[in-house]
Structure formats: C-alpha cells, structure tokens
Protein chains: 2
Amino acid sequence: MARTVDPEKHRARRLLIIDAALTCFAESGYAGTSTAAICRRAGIGSGTFFHYFPTKQSLLLAILALGTDETRAWFAACPADGSPIAVVEAYLDHTSAQMADPRMPGFVRAVGAVVGEPEVDAALDEDTRVLQDGLEPWIVRAQEAGEVRTDLPAHDLTSWVLVVLDGFLGRLATDAAFTAEKQAGTLRDAVRRLLAVSEV
Amino acid sequence: MARTVDPEKHRARRLLIIDAALTCFAESGYAGTSTAAICRRAGIGSGTFFHYFPTKQSLLLAILALGTDETRAWFAACPADGSPIAVVEAYLDHTSAQMADPRMPGFVRAVGAVVGEPEVDAALDEDTRVLQDGLEPWIVRAQEAGEVRTDLPAHDLTSWVLVVLDGFLGRLATDAAFTAEKQAGTLRDAVRRLLAVSEV
DNA sequence: CCTTTAGTGGAGTACGTGCTCTAGTATTGC
DNA sequence: GCAATACTAGAGCACGTACTCCACTAAAGG
C-alpha cells in the first residue's frame, strides 16, 4: 500500500495555491476572486484546489493564520534588552519591509473588507489582538522609562500607533507614488512624534 | 398626456434607495450585498430599483459622487481668513462628525476594497484627489506662516495627514471601543504633532 | 371622460459561482 | 509485478446573482 508520498511536495503545492490566491485577492478582492481564477493562476484544476482546501474561505483563513503566526513569532523572538521604543520602531521597519512585496498592501485592504463571515471576523480580530498585545507591553515599558508620554494610557497609544500603521498600509495600496521604501523613514518619524513626551 | 409627476418625489425615492444601500454595503460589503437585499431594505421591488439605477455599480458611483461633492462643497465654503492650520483641524472635526453615523466607517472600508472595476477606481481616485487638492493649499499657507514644519514638502505632509485620517476611519470600523466622539480630540492632537515645527 | 406615460412590482432568465464526482495517473509497499 | 492509495484534472450541478420583461396603477393633459 502507499501512504503519504511526499509531505514536502504537499506543503509546496499548498504554498503555490496560497501564493496564487494572494495575488488574486490583492488584484480583485476576496469576493471578486473566483476559485477558478485562483486555479488558473496556480495552473491547477479545481479538483486539486479542493483537495488542498475544503472551501474558499478556509484558504483565506490559512493565509490569515500565516500572517498572525508571523507576527506572534516576531514578538516572541524580540530581544528583551535595549530601548523599548527601539522595539516599536523595529516593528514598523519590519512591516515596511514586508510591504515591499507590492501585493501585500492590496491584500491587506481586500481582506479588511471581508465582513459578515464570523470565522473570518474572528481571525481578523485575533490578528489585531496579537499585534496589540505584542506592542502594548513595550509602550508600557517606554512610558516607565520616560521615553513616551503618559497623558494617554498605553492601550490608547498602542491603538494610535496601529492607526498610523493601518493608514500607512492603506495609502500604499491606493497611491502608486507612495512606496514603502521611500516613506518608511517618515513612518518612524510620525510614530516618534505621536509618542513623544513633549507637549506640542 | 402626463409628464414628470413630481421631481421631488423622484429625488426622495432615489435617496431612500441610496440610504438603504449605504446600510447594506456597510454591513456586508459591496460584493456581499445583493440588489435583492437593497430592495428588501428599501421596501421596493427590483423593477423599481433598476428604474432609478441602471446597474448596481451605478448606485455605488452615485453614492461616491455624493461624498465627493460634499467634500468639494466644504472646501469651497471654507473661509479664507483665519489660521490655516485651524482649517485643517476644522476638516478633521468635520470628518469626525460625519463618522458619528455608525454606518459610515463600515461603508468607507467596504468601498475601499472594491477594485478592478475601472469606473469605481476612477471615482475613488477623484475622491482622494479632491481631498488632497482641498487640503494642500492650507498646508502650504501654514508652512508660509511658520505654523507647520518645512522639512517635508506640503504634498507629502498632506498625504500623511490623510494617512492618519484613513487609519482613524479604519479603526472606527473595526474596533467597537474606538468611537469618533471619544477619539476626535486625539485625532486633532495626532495631526498637530505630525505637522508641528519642533523637531522631536 | 379617455389617453398617455412615469412609476411600480415581481416573476422570469441567462449566467457565473463554489463545490462535487468520477475517471484516470503517479507513486509507494509488498 | 501488483495492489492500494495519494493526487490530479475537469466536466457537471445546484444555487444565487444582476438584470429584464411585462402587466398594472396613478396621475395629468385634452
């Protein structure tokens, strides 16, 4: 009898589909992308698609989980020493670097608009929760170190860092002249100003 | 023979459909909303719907045009005297006030993800262009008056104000605890810090 | 009054969708 | 070699979609 032929090959093909889907979603949105379009881009039949993912939604959830895991891993691998505000800025740089792939901003925007499907909503909620929970402790430490203003609670400050970050991603998606490489510095500057102790 | 019965009634019914569509789009996204759902919400038959709008897309374009016109009108009615930075902040307040309608953030997010349809893309482009062109002259004046930093060109500064504003709207749509009323003050503060002359 | 027509509703239609089913192939253990 | 099974492709299906068509009403000239 024959069992799993090659788990590595399986994983590779799975990633191939995920990659094709990422491109399609970024180009046409989630609802605007048909499974047939993903199959065409990936060069597979629809039977193969549904062999790897039971539903179109499960594919989206798999991609989202990949991103959430990545965020979790980044904060887990984050060095505990050094200036806390440097960690915040390092994360901003990390995100900017990720957005060098021109599909990413479009994907983020496309996925943010998927609403009404409870499982997707839950996945998106968890994604922002992981990010917020990863960032907030560093803001707290920065406040304790006197590096960051204390007139707003750390939770609110963290939310506002994410506000700027989300706006940044959105602009990347819609404005061709606005690129991650050119604006990464200003992003750091904007967040530094947002968090600065000095009253303006 | 009988001609136009009552143009006012026509306009009112049109707005009724637009209002119903706004609710549906905000709840379920553009692609996720069927014309049948809009008809149900508006309490009309589908024949009536297509009597007022030739396609579903044209309805979306009509809503977008309403918003763009509103923005244009706001800047046209803007007083030329007074501190230029006050105009910028007034616009922020104006937007915050508009977002008091809980459907608006969801609608903005839903519409931002509609991509691939050239006419919609064009309408969205014009919308941001009107906003950018409305705001930028005031940033220029503020720079000339020494109220705003000059280490970045006015165009970039304007873009970054819109980055913060877009991020603000996005957060309103996804975070129930983040409301326009509570955060409007911080929005003003964030933009003030972004534009401030002082190096941080 | 009758005629004309903007306005209205809803059954009907053509089509694209996510997904299933089946037949076939490659690859493994024996 | 042979049997068993992971994998692949694509035709086909049930369904929901945007949109059409037609019968009907109400209101305004003449």
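Values in this document were obtained by computation on a predicted structure and should not be read as measured data. Numbered from 1 within each chain, the chains take letters A, B, ... in sequence-line order.
- A cation-pi arrangement is present between A/Lys56 and A/Tyr30 under the rule of less than 6.0 angstrom and at most 45 degrees off the ring axis.
- The 5' end of DNA chain D is approached more closely, in terms of each residue's nearest nucleotide, by A/His51 than by the other of A/Gly47 and A/His51.
- For D/dC7, the OP1/OP2 oxygens have no side-chain nitrogen or oxygen of A/Tyr52 closer than 4.0 Å.
- Taking atom NZ on B/Lys56 and atom C1' on D/dG16, their separation rounds to 12 Å, with Å as the unit.
- We find that CZ of A/Phe49 is positioned 8 Å from P of C/dG18, with the value rounded to whole Å.
- Within the 3.5 Å criterion, the main-chain N or O of B/Ala196 finds a donor-acceptor partner in the side chain of A/Arg193.
- In the region residues 9-42 of chain B, proximity to DNA chain C at under 4.0 angstrom, judged on heavy atoms, holds for B/His10, B/Arg13.
- For B/Thr48, whose side chain is taken as the heavy atoms from C-beta onward, the closest listed nucleotide among C/dT8, C/dT20, D/dA18 is C/dT8.
- At least one donor-acceptor pair closer than 3.5 Å links the side chain of B/Arg103 to the backbone N or O of B/Asp19.
- Using modelled atom types, no side-chain atom of A/Glu119 and backbone atom of A/Leu61 make a donor-acceptor pair closer than 3.5 Å.
- As judged by a 4.0 angstrom heavy-atom cut-off over every strand, B/Phe53 is placed among residues making no nucleic acid contact.
- Ranking C/dG18, D/dG10, C/dA11 by closeness to the A/Ser46 side chain, first place goes to D/dG10.
- In this structure, CZ of A/Phe50 is placed 17 Å from P of C/dT22, rounded to the nearest angstrom.
- Between B/Asp93 and B/Arg188, at least one side-chain nitrogen of the basic residue sits less than 4.0 Å from a carboxylate oxygen of the acidic one, meeting the salt-bridge criterion.
- Side-chain atoms of A/Arg109 come within 3.5 Å of backbone atoms of B/Gly112 as a donor-acceptor pair (strictly under, hydrogens ignored).
- In this structure, A/Leu59 places its CG atom 11 Å from P of C/dG18, rounding to the nearest Å.
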